[in-house]
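Report on one structure; see the data block that follows.
Everything numeric in this text was worked out from a predicted model, so none of it was measured. In the text below, chain A, chain B and the rest are named by the order of the sequence lines, each starting its count at 1.
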Amino acid sequence: MGAPRVRFAPSPTGYLHVGNARTALFNWLFARKHNGVFVLRIEDTDEERSRSSLVDGILSGLSWLGMDPDEGPYRQSERTDRYAEVVEQLWEDGYLYACDCSREDVLARTRNNPTPGYDGYCRERELERGPRTALRFRTPDTGSTVVHDIIRGDVEFPHAAMEDFVCVKSTGQPLFVLANVVDDRDTKITHVIRGEDLLPTTPKGLLIWSALDERDSVPLPAFAHLPMLVNEQRKKLSKRRDQVAVEYYRDRGFLAEAFRNYLALLGWSPPGDREKVDVETLIREFRLEDVHRAGAFFDVKKLTHLNGEYIRELSTAEFIDAVRPWVAPEPERGWAPATGTPPWPAERFDEQIFAEMAPLVQERISVLSEVPSMVDFLFLDEPVIDEQAWSERVARDPRAQQILRSAIEAYEHCDWDRTAIQAATRAVVEMAGTNLSKGQAPIRLAVTGRAVGPPLFEPLELLGRTEVLRRLRSALSRVEAV
RNA sequence: GGCCCCAUCGUCUAGUGGCCAAGGACACCACCCUCUCAAGGUGGAGACACGGGUUCGAAUCCCGUUGGGGCUGCCA
């Protein structure tokens with residue numbers, strides 16, 4: 001095989017859809033593996049989709065995942081002259097005919113037709129082309145078209161069940177099925193790797209392809225139709241019900257490497273009992289013929305777990321760098337999540353303190369957006385109290401007051417480092433007749449505001465004796481008040 | 001309705017006629033570790049949709065049934 005040329009051809013929707021991201025990934029992996037070319041083409045023949053702002057999200061999504069195109073983006077909206085030329089040729093060669101039927105006409109006429117769809121009413125009417133006529137492709141009445149699919153084998157479509165489909169709108173605009181074929185030919189695409197939802201339209205494209213071959217023969221690409229990504233109801237991902245924008249996952253704090261790794265696992269798997277594999281392995285091991293045929297559920301839980309593994313594998317420095325958009329965003333200097341800013345004033349963020357906490361936080365999260373709520377108490381004047389936890393662990397616990405009071409006394413005198421604080425705390429809770437496991441709760445609530453979080457004694461040390469004592473006294477007076 | 005695709009644990013999958021009394025991962029349960037929570041460790045429960053063939057032998061091949069999905073636009 002010579003250097004293959006593949007293309008990712010989304011319609012512009014404003015964001016990169018996860019299903020499309022998976023399609024792009026499989027195209028990209030195939031191209032990288034075979035030293036081929038990854039072409040990006042924007043399918044915006046429909047004027048409503050041709051606003052260029054709708055392309056930006058796709059570009060940034062691809063870029064985030066490390067799949068910048070080698071060529072393109074080509075925009076179909078910029079190639080109308082070329083399509084017009086092809087339409088002229090097809091018309092002259094007798095493959096197209098004009099049709100002035102409205103949608104209602106067609107529907108009314110085909111209601112009793114055994115094979116729904118257009119019935120070929122205008123086929124022999126020899127209408128002239130005009131501003132009110134669409135152009136239909138004259139499909140053969142007999143025989144069939146076979147799609148040779150790398151993943152599915154040969155799929156046969158009888159022509160008898162194929163209607164004379166519209167190729168050109170009455171406005172003169174070409175439709176997707178035509179533009180798609182013209183572009184694949186003109187850009188010498190060798191492998192068409194796309195979603196299975198396009199399988200039924202493939203024979204139409206093939207018919208156009210061979211009609212065009214009459215004047216200029218171009219080798220047919222190989223086809224590979226990937227299984228759909230589905231939701232928990234086994235339906236294809238919809239933007240109405242499902243979180244389909246890649247951006248959404250980036251905002252939540254998924255790492256590009258983890259996201260890409262997870263996407264690769266949908267419909268394919270690397271050899272051996274392993275799933276967490278680096279991109280080089282993905283490229284080396286990926287084979288189109290090994291792609292699974294059934295639809296795959298996009299499982300955020302599994303993605304989340306994998307992301308946690310990737311996060312834990314980062315060095316502390318890399319981790320700090322990766323979380324920066326969530327703890328110290330600088331929107332004017334780089335990317336920042338669209339989901340909001342940290343709960344503390346930007347000037348209160350302390351790089352040193354955060355660096356101390358980072359390793360403790362890193363091993364407890366699976367998405368980066370979890371970080372702010374784990375360290376907010378360090379950068380806020382007052383901790384945000386989880387009232388439910390407070391009432392359970394402090395207000396309603398008879399030992400809480402004693403623990404808080406003794407902790408204050410102990411902390412006034414003990415050495416101020418994590419080890420000493422822990423030892424002092426252990427003595428306090430044991431004196432109160434409990435253990436560190438249960439007894440630390442009131443202290444944690446008083447200082448961090450929450451019942452759960454990173455280990456307690458490090459942040460106590462970082463916060464400083466004075467501030468810790470202040471928070472403990474404040475908490476104590478609150479319990480004593482009731 | 002028509003055409004097409006698909007079918008291994010709840011989920012993603014390994015399996016391409018004997019190595020499968022079906023392996024891994026997520027999720028779930030239990031235990032261990034432990035300052036909370038995670039992480040980690042150990043163990044557990046959990047699947048070849050069904051029915052016919054073919055074969056000495058089938059999760060693997062064929063047919064049918066059932067179930068799911070996609071397409072059926074002058075969207076892509």
**Report entry** Distance, P atom - from B:C29 to B:A38, rounded to whole angstrom
**Finding:** 11 Å
**Report entry** Nearest-angstrom distance, C1' atom, B:G53 to B:A58
**Finding:** 12 Å
What are the atom names and distances for every N/O pair under 3.5 Å that joins the protein to nucleotides 5-8 of chain B?
unit_1, atom_1, unit_2, atom_2, d
B:C5, O2', A:Arg152, NH1, 2.7
B:C5, O2', A:Glu196, OE2, 2.5

Query raised in the report: For B:A14, does either OP1 or OP2 sit under 4.0 Å from a side-chain N or O belonging to A:Ser269?
Result: yes
Query raised in the report: Using the P atom in both, what is the distance from B:C4 to B:G15, to the nearest Å?
Result: 29 Å
Report task. Looking only at side-chain atoms of A:Pro200, point me to the closest of B:G24, B:U11, B:C71. Result -> B:C71
Report summary line: Sorted by chain and number, sequence neighbours left out, ring-ring contact (aromatic ring centres under 6.0 Å, His included) with A:Phe298 holds for A:Tyr249, A:Tyr262
Query - Sugar-phosphate only, base, or nothing, as touched by A:Thr201 at under 4.0 Å among non-hydrogen atoms - result: base
Query - Atom-to-atom span, OH of A:Tyr83 to C1' of B:A76 - whole angstrom - result: 13 Å
Requested in this report: Any chance you could list the contact pattern along nucleotides 35-50 of chain B? Use B for base contacts, S for sugar-phosphate-only contacts and - for none, protein heavy atoms under 4.0 Å, 5' to 3'.
Outcome: BBBBSS----------
Report task. Select base, sugar-phosphate, or nothing to describe what A:Gly267 touches, counting heavy atoms under 4.0 Å on all strands. Result -> sugar-phosphate
Report summary line: By nearest-nucleotide position on RNA chain B, the 5'-leaning member of A:Gly272 and A:Thr133 is A:Gly272
Report task. Rounded off to whole Å, could you give me the CZ-to-P distance for the A:Arg41 and B:A76 pair? Result -> 12 Å
Query - Distance test, side-chain N/O of A:Lys236 to OP1/OP2 of B:C71, below 4.0 Å - result: yes
Requested in this report: Using the P atom on both, measure B:C50 against B:C74 and round to a whole Å.
Outcome: 43 Å
Query raised in the report: If we take the C1' atom in both B:C56 and B:U13, what is their distance in whole Å?
Result: 32 Å
**Report entry** B:U55 and B:C3, which share atom name C1', separated by this distance in whole Å
**Finding:** 35 Å
Query raised in the report: Given B:C12, B:A76, B:C3, which nucleotide is nearest the side-chain atoms of A:Pro158?
Result: B:C3
Report summary line: Applying ring-ring contact (aromatic ring centres under 6.0 Å, His included) to A:Phe286 and not counting sequence neighbours gives A:Phe26, A:Trp268
Query raised in the report: Base, sugar-phosphate, or nothing for A:Lys276, non-hydrogen atoms under 4.0 angstrom?
Result: nothing
Report summary line: From the candidates B:C26, B:G24, B:G70, the one with an atom nearest any side-chain atom of A:Glu275 is B:G24
Query raised in the report: Which pairs with one or both residues in residues 416-446 of chain A pass ring-ring contact (aromatic ring centres under 6.0 Å, His included), sequence neighbours excluded?
Result: A:Tyr411-A:Trp416
Query raised in the report: Counting any heavy atom closer than 4.0 Å, what does A:Ala296 reach on the DNA or RNA strands: base, sugar-phosphate only, or nothing?
Result: sugar-phosphate
Query - Whole-angstrom distance between B:U66 and B:G23, as gauged at atom P - result: 33 Å
Requested in this report: Would you please name every residue forming a side chain to side chain donor-acceptor pair (under 3.5 Å) with A:Gln243, sequence neighbours left out?
Outcome: none
**Report entry** Within 6.0 angstrom of A:Arg393 CZ, more than 12 heavy atoms from elsewhere
**Finding:** no
**Report entry** Separation of atom CD in A:Glu232 from atom C1' in B:C12, rounded to whole Å
**Finding:** 15 Å
Query raised in the report: side-chain contact (heavy atoms from CB on, under 4.5 Å) with A:Ile320: which residues, sequence neighbours excluded?
Result: A:Thr316, A:Arg324, A:Glu351, A:Phe354, A:Ala355, A:Ala358
Query - Contact list for residues 129-165 of chain A, test ring-ring contact (aromatic ring centres under 6.0 Å, His included), sequence neighbours left out - result: A:Tyr95-A:Phe137, A:Phe137-A:Phe165
Report task. Can you run down the salt bridge (charged side-chain N to carboxylate O under 4.0 Å, His left out) pairs that involve residues 290-302 of chain A, sequence neighbours left out, and say none if there aren't any? Result -> A:Glu275-A:Lys302, A:Arg287-A:Asp290
Query - Quiz item: cation-pi between A:Arg79 and A:Tyr74, 6.0 Å / 45° - result: no
Query raised in the report: Taking the C1' atom of each, how far is B:G43 from B:C33, in whole Å?
Result: 15 Å
Query raised in the report: Separation of A:Leu178 atom CG from B:C74 atom C1', in whole Å?
Result: 13 Å
Query - Length of the CG-P vector between A:Asp299 and B:C28, whole Å - result: 11 Å
